[in-house]
Chemist: 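The structure that follows is given in the form of structure tokens.
Computed from heavy atoms alone, side chains included, the values below leave out hydrogens, waters and symmetry copies. The structure displayed is predicted, hence computed values, not measured ones.
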Amino acid sequence: MNKHSSPSLGLFAPEILGPAMMQAFRKLDPRSLARNPVIFSTAVVSLVATVLALREALAAGPNAVVGLQIALWLWFTVLFANFAEAVAEGRGKARADAFRATKSSARAKVLIIPGDHTAYRSRDIESVEVGELILVEAGDTIPTDGEVVEGAASVDESAITGESAAVIRESGGDRSSVTGGTRLVSDWLVVRVTAKPGETFLDRMIALVEGARRQKTPNEIALDILLAALTLVFLLVVVTLPVFASWSGTTIPVIYLVALFVTLIPTTIGGLLSAIGIAGMERLVKANVVAKSGRAVEAAGDIDVLLLDKTGTITFGNRMADAFEPAPGITDQELAEAALLASLADDTPEGKSIVDLARRRYGLSGTADPRAVFVPFSAHTRMSGVDLPEGTSIRKGASDAMAVLSGAPLSHAVDQIVKRIGASGGTPLVVARDRRVLGVIHLKDVVKPAIRERFAELRRMGIRTVMITGDNPLTAAAIAAEAGVDDFLAEATPEKKLELIRREQAEGRLVAMCGDGSNDAPALAQADVGVAMNTGTPAAKEAGNLIDLDSDPTKLIEIVLVGKQLLISRGALTTFSVANDVAKYFAILPALFVAAYPGLGVLDVMGLGSPQSAILSAVIFNALVIVALIPIALKGVAYTPASASALLGRNLLVYGLGGLIVPFLGIKAIDLVVDLLHLA
């Protein structure tokens, strides 16, 4: 995976911690707190606790000291929650600064007369409108996003993708899209502007990683509603406690009830929820993927069907030599030597692979004779080869062309080899020396190494993989079987892709696919997760909801893993938070009511020092656990491919059981310190 040029910052790098601490205080603004109902409630309760504590202190009441400490730790809870979000945002801002540095401040050369490259007016990029044509010359920075309408040039995109090698951008085809902030290395381009100022690719990237305009996803909104409901439930529980206490002849100080309320509501996940979302988006950015919305990232974690192009994703895309199959009476070595000599000057991927196979498998070390005359491939003759100085002529080419060359039909044995290779999805390349057929080179679309294991990994996640290819069904079936995909769509057209996606969605499945051409746009728009390649057409990038800066089709698998980790992290910490609250409930209530109801003593398993100590220890633990979980929220819970039931079981065991046990241990340890220091 390529990395951006910006340095990778640690979880708690000093350049992040300082600003995050300041930002935590700025986030005490009620308008900021209101976005998180749990933390907003905690802030309101902290304010009430402060007022009550100050009133108790002025009246020299018995609970003045513990009241002030409770109020202080409640404010720490709010600040730590703000701090978690600020750290996540700070990591995004640090990365955004690197992107912002690449934004072009250059003026645009806007063409006055289309087609006349000498007639242009230099204008500020902010005044350039969508649809206008701009001229970009060698050494210039491309000022904004656009589509090449004329010319071809090398473009340095390292500022965006981190890849140092320049790429070709040209008019027409699937390599016509250019990104603002990249630099022209050679030649010139005429670019049609496709983005308004402030809405370019880099602007989207900066807004994404800063989290400044990050909208909450449906899952986050649903979880917010759940947390708000739990907060309301615990509010009703706490409000009714004074009635029970009064009926039993005891009194509970209001400051204790306030503290109890905060420790019971899900402040842990409430404080970390935003940080989890921001960190998940930042992990996606580190993978060089731009998300137009968080919805797409979450959908990636829930997809059921993965559509993958064969060429460039499952296979290398270039047919490579796989075997030499000699004609009767010809040895493998003899065929390999002839194929090697015929391919030494062949610069195509197929030619190079023939040379590599001959040298690797048969130990041949033939070199080109400077007197040899090489014959390049011609669409007319459909063959290529070499004429050696001694008069020997070697050719390789399509079977029918070689039959014409030899002056007779191919022998039955050679014809059978040709048909067998074709039936297996390969390409037969016949080799002849002095018009005598020596045998056949088996060229095949080579499946990428370890891709079968990756598909098996996806299968363990419950994801079905479908290979999309324009090959005939026979060839598609052979490659699908070798790669290990679950299904395939042969002779695929835009209409067939769209039909397949709609059929899967009609059956209740979420579908993801990737593409780069304008013909992929309908399917990208229809898919739940549409990953467009950065090298693709503007139509494809507009239709997709994720854009891969590296233009690597296999990135779709990584995107799925990022989405899975985001959902698993949120689920794991939610489980821990709810279990936490249950444990704190049983830690505090017995201590509060044991005097009125001695029978509750059996539930006081920790043997806390006093009601005051129990309340204060629980409040302190409630604040500190948020800080302790920030690294997990930012890094994400490690994801291991498994079924949903297995993941749920692991979550309940690790984070559910852990959430029950850790508070008992933590509160008891804090209680011992509180008693030792006589704080309560």
Side-chain angles (χ1 to χ4, degrees), residues 2-7 94-207 209 285 288 290 516 532-538 540-541 547-552:
N2 295 327
K3 300 294 181 188
H4 292 296
S5 54
S6 56
R95 192 170 294 275
D97 288 341
F99 287 123
R100 191 175 282 110
T102 69
K103 287 193 66 175
S104 171
S105 58
R107 294 172 66 82
K109 301 172 182 175
V110 182
L111 293 183
I112 301 172
I113 304 173
D116 186 353
H117 299 170
T118 62
Y120 63 80
R121 182 181 293 110
S122 180
R123 281 170 39 196
D124 188 273
I125 190 60
E126 297 296 322
S127 67
V128 177
E129 298 180 0
V130 173
E132 290 192 289
L133 300 179
I134 59 176
L135 173 67
V136 188
E137 298 176 297
D140 291 349
T141 297
I142 298 174
T144 187
D145 297 355
E147 181 180 12
V148 179
V149 296
E150 189 180 349
S154 297
V155 180
D156 177 6
E157 297 184 340
S158 59
I160 306 296
T161 66
E163 180 61 62
S164 58
V167 296
I168 301 298
R169 291 289 175 263
E170 58 190 352
S171 60
D174 294 342
R175 296 186 295 178
S176 61
S177 179
V178 291
T179 305
T182 56
R183 187 175 60 86
L184 218 64
V185 177
S186 67
D187 303 293
W188 55 270
L189 296 173
V190 174
V191 177
R192 178 185 291 113
V193 177
T194 59
K196 297 178 182 178
E199 297 180 7
T200 65
F201 200 71
L202 269 178
D203 290 317
R204 288 183 187 177
M205 176 72 89
I206 292 167
V209 297
V285 171
N288 272 9
V290 177
D516 57 2
M533 302 295 103
N534 189 34
T535 56
T537 61
K541 291 202 286 189
I547 301 174
D548 176 25
L549 297 178
D550 296 330
S551 299
D552 176 8

Chemist: Can you name the nearest heavy-atom pair linking T194 to E147, along with the distance?
Modeler: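 Closest heavy-atom pair between T194 and E147: CG2-N, 3.9 Å.
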Chemist: If every non-hydrogen atom of E150 is compared with every non-hydrogen atom of W188, which pair is closest and at what distance?
Modeler: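 Nearest heavy atoms, E150 then W188: OE2-CH2, 3.6 Å.
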Chemist: Any heavy-atom pair between the side chains of V110 and Y120 that's under 4.5 Å?
Modeler: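 A side-chain contact under 4.5 Å is absent here.
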Chemist: CG of L189 to OG of S154: how many Å apart, nearest 0.5 Å?
Modeler: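 That separation rounds to 9.5 Å.
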Chemist: Could you report the tightest heavy-atom contact between R123 and E129, atom names first, then the distance?
Modeler: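 In terms of heavy atoms, the two residues are closest at NH2-N, 4.4 Å.
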Chemist: Measure across A153 and D187 and return the closest heavy-atom pair with its distance rounded to 0.1 Å.
Modeler: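 Reported closest heavy-atom pair: CB-CB, 3.9 Å.
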Chemist: Identify which one of V136, V155, I142 satisfies the side chain to side chain contact (heavy atoms under 4.5 Å, CB included) criterion when paired with R169.
Modeler: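 Going through the options one by one, the only one that passes is V155.
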Chemist: Is any side-chain heavy atom of P143 closer than 4.5 Å to a side-chain heavy atom of I134?
Modeler: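 Result yes, sub-4.5 Å side-chain heavy-atom pair found.
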Chemist: Which of these passes side chain to side chain contact (heavy atoms under 4.5 Å, CB included) with T144: V193, V178, V191?
Modeler: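 Looking at V193, V178, V191, the match for T144 under the side chain to side chain contact (heavy atoms under 4.5 Å, CB included) is V193.
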